[in-house]
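To start, the structure itself, in C-alpha cells.
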Amino acid sequence: MTIAHDMKDFNLAENTHKTLRRPATVAVGTERQLFFDDFFIAMGSRPDQYPRGIRWVNAPVEKHGAPLFAGAAPWEASSAWVSVMRDGGRFRMWYNSGHEDHRGLLVSYAESADGLHFERCRQGLVEFKGSSDNNIVFDGGFNAISPEMGNVFIDPTAPENERYKMIYTDWEGPHIFEQPFTHNVGVLRGAASPDGLHWRRYYDNFLGKYCDSQNSACWDPALDRYVAYHRTTATHGALQVGDFKVDGERRGRAVGRLESRDYRNWESTGIALQADSQDGLNVDIYNSAYSRYPGAAHAHFLFPSFYYHYEGTFHVQVCTSRDNRRWSRPTRETFIPLGGRGEFDCFIVSVAPGFVPLDEDHYALYYRSGNGPHGGSSVELSAAEKAQTASRVSRAVIKRDRIIGIEAGAAGGHFCTRPLCFSGSRLKLNVEPTAPEARLRVQLLAWEDDQPIEGYTFELCDPLGADDLDAPVRWRGAAQIDAALVGQPVRLHFEFAGMRIYAFQFEE
C-alpha cells in the first residue's frame, strides 16, 4: 500500500479543478485493507458523503470455553506467560512455569497437531533437581535465575543459528533472593535458537531494569528493524507553568517501546500506550500482546490487559496502528469477555502475542487465564474458591479480518473513503449483518469532483445483506469493473444499515 500525493502520479489530464487541493491518493492494488481505524475515512465534499451514523465496534470472538493446558509437572507448580505459533504443520508453545520452591521461572515447551491438545516434548536439555527428563528448554542462560518469558518469534533476516528469537526479563543473579524486592533489579534480555529448543542468551542486556509481565518483540520489515514493547511506568498530573512546577504522580503500568537494528543494542522511543483520564485512575496496563496481522498490509494490533485494581480483573482491549509506532483505541469495549464467576477465566484474560492461523478463514489468540483476582484487590474469595484458583491456557477464535469493524445501526449510516488507486477488476467486502433488515450498497465516486461514476451508483448496486467474508459487489448483476477505472483514483461511498463492514479488497 503506497500513497501518491498529486495528480501527476496518475497522468491525469488538465481539468477545471486543477487549482483545488486534492487529497492524497492511496494505492491499494489488490491487497486486502482493514477498516480498523480512520485511515481510509474521508470527510467528503457533500453532506451525504460525510461520515454519519457509524461507529467502530469489536468483532465477536468465539472462546474455547475451557482450559487447553495447565501446569502438571513438578517444575510447573505455577504458570505464567505463553507464546504460541504455527510453524509448518505443528502448533508450538513455549510457556513459563514456576517450580516448587518458588525460586524463579523456567521456559518449557509443548507441541500440538490441532492447536487444542498440547503434549509436553521432553528434550533432555535442562537439568531440574538432578534429572534432564523434562520439557524445560531454557533456564535463562549464563548468570540467570528466573527468565520471565516474553514471546518467541521467527526472524526472517537472521542466520540459521539465530532464526528463532526470544525476549525475556531476568534477575541479575541469585543474590536477589536474599534481598528485598526493588524496581532496580533485573534486566531485559534476549536469546536466539536455530530450532526453538536450543537457546543461547545474548551477552548484551537490552534494558537495565526489570520489566515485569509479558514483553514482546518482532522483526518489522517495513521499518527494517526490530521493535519491542515492554512494561514501564507512566505518570499523570505534572505541571510546569513559568516558575510553578509540580512533579507528576505515579500513574501505574504502561507500555514502553524500543527499536533496534541488530537485536542487541536498543533505543527507547518512549511510552507507546498508557491509561488516560477516560480509563480512570483505578486502571493501568499490564501487558501489550503485540500482534502483526498476517493477512493485510500495515495492520498492527495490541491486545493489552487493562488492570482494574479495585476489582482485581484484567480486561482485554484492542489498539491499532498503521506504522507500528503510533497507537490508537477506536473502541474501548472489552474484546475477549471474562467468564462468569467461578469459571477458569472469570478474573484474568491476558493475550499472548501473535495471531495463530488455524485455516484460511480463522485465527486464534491464545491467552493466559485466571479465576482469582490479582493481588491487592478488594475482592474476597471463599475458602473453596481460593482452593481452586489456578492459571491456565486457553484461546479465542476470530474470523478472518474481523477484529474491529465499522457498524451502522438500524437507522442507517454512510461514509466515503479517501481516493484509492486499485489494480484489480472486482470489489469484495467482508460484511456481517447485525439486524434483520440488514442492507449495504456501494457507489464509486470520481476523484475530480466526488460525483457518482455512471454505471456504479447506489441505485444500480445490488444490495448486500448476508454474512460473508468475501461478498462480491455487483452493479446490475455484474461484478466486473470497467478497465478504464483501473489505475485511476476513485472513492468508495458506503450506505448501510444493520451491518458491519470489516475489510475491502480489489481482486483480479
- Task: Show your working on side chain to side chain contact (heavy atoms under 4.5 Å, CB included) between V227 and L223 and close with a plain yes or no.
- Result: CA-CA 9 Å; V227 177; L223 297 178; 3.9 Å; yes

How are the rings of W94 and Y164 set relative to one another: parallel (under 30°), tilted (30 to 60°) or perpendicular (over 60°)? tilted

Classify the ring geometry between W266 and Y226 as parallel (under 30°), tilted (30 to 60°) or perpendicular (over 60°).
tilted

**Message:** Is the terminal nitrogen or CZ of R368 (NZ for Lys, CZ for Arg) located under 6.0 angstrom from the six-membered ring centre of W81 and within 45° of that ring's axis?
**Reply:** yes

Hey, is the main chain of [Y] close enough, under 3.5 Å, to the side chain of [X] for a donor-acceptor pair?
X	Y	value
N430	R400	yes
R264	D262	yes
S321	R326	yes
D224	P221	no
R201	Y203	yes
T232	V255	no
S328	P330	no
Q505	T30	yes
Q388	E385	no
D284	R253	yes

Got a sec: does the [atom1] of [X] have more than 12 other heavy atoms crowding it under 6.0 Å?
X	atom1	value
E508	CD	yes
R200	CZ	no
E127	CD	yes

Quick test of your reading of the model: are [X] and [Y] salt-bridged, counting only N-O distances below 4.0 Å?
X	Y	answer
D276	R251	no
R257	E259	yes
D155	R163	no
D361	R402	no
R332	D279	yes
D345	K63	yes
R426	D470	no
E507	K428	yes

Checking side chain to side chain contact (heavy atoms under 4.5 Å, CB included) for the pair S378/Y310: CA distance, chi angles, key distance, verdict? CA-CA 5 Å; S378 66; Y310 189 82; 3.1 Å; yes

For the pair R325 and D220, evaluate salt bridge (charged side-chain N to carboxylate O under 4.0 Å, His left out) and give the outcome as yes or no after the intermediate values.
CA-CA 11 Å; R325 284 177 168 158; D220 190 312; over 6 Å; no

Exactly one candidate in D401, V318, T320 meets side chain to side chain contact (heavy atoms under 4.5 Å, CB included) with F36; the answer is T320

Per ring-ring contact (aromatic ring centres under 6.0 Å, His included), H315 is matched among Y308, F303, Y286, F335 by Y308

Using side-chain heavy atoms (C-beta onward) and a distance below 4.5 Å, is [X] in contact with [Y]?
X	Y	value
L106	N96	no
V349	S305	no
L207	V187	no
L365	F355	yes
S97	S108	yes
S213	R231	yes
V57	I404	no
I285	N287	no

Could you verify whether a donor N or O on one side chain and an acceptor N or O on the other, from [X] and [Y], lie under 3.5 Å apart?
X	Y	result
E407	Y502	no
S193	D195	yes
R92	Y109	yes
R189	N205	yes

Decide side chain to side chain donor-acceptor pair (under 3.5 Å) for N215 and E148; before the verdict, give the C-alpha distance in whole Å, the side-chain angles of both, and the deciding distance to 0.1 Å. CA-CA 9 Å; N215 307 295; E148 186 169 6; over 6 Å; no

Could you give me the CA-CA distance, side-chain angles and deciding distance for Y263 and Y202, then say whether ring pair (Phe, Tyr, Trp, His ring centres under 6.0 Å) is met? CA-CA 9 Å; Y263 206 69; Y202 287 109; 5.7 Å; yes

- Tell me, with the steps shown, if W75 and N135 meet side chain to side chain contact (heavy atoms under 4.5 Å, CB included). CA-CA 9 Å; W75 54 92; N135 66 326; 2.9 Å; yes

With a 6.0 Å cut-off on ring centres, are [X] and [Y] close enough?
X	Y	result
Y95	F69	yes
H300	Y293	no
F138	Y168	yes

- Mind running salt bridge (charged side-chain N to carboxylate O under 4.0 Å, His left out) on R395 and E62 for me, showing each step along the way? CA-CA 9 Å; R395 76 180 194 185; E62 181 182 350; over 6 Å; no

When every non-hydrogen atom of P373 is compared with those of L381, the smallest separation belongs to CD-CD1, 3.6 Å

Heavy atoms of G375 and Y307 approach each other most closely as O-OH, 3.3 Å

With sequence neighbours left out, the residues meeting ring pair (Phe, Tyr, Trp, His ring centres under 6.0 Å) with F504 are F35, F40

* To do: Kindly determine whether V356 and Y363 satisfy side chain to side chain contact (heavy atoms under 4.5 Å, CB included), including the steps that lead there.
  => CA-CA 5 Å; V356 181; Y363 291 91; over 6 Å; no

Test log, rule salt bridge (charged side-chain N to carboxylate O under 4.0 Å, His left out), inputs R120 and E76:
CA-CA 12 Å; R120 291 169 176 79; E76 299 172 350; 2.8 Å; yes

Item to complete: Apply side chain to side chain donor-acceptor pair (under 3.5 Å) to N371 and T389, showing your working.
Response: CA-CA 5 Å; N371 59 344; T389 56; 5.1 Å; no

List the steps, then state whether side chain to side chain donor-acceptor pair (under 3.5 Å) holds for Q214 with Y229. CA-CA 9 Å; Q214 189 168 22; Y229 291 95; over 6 Å; no

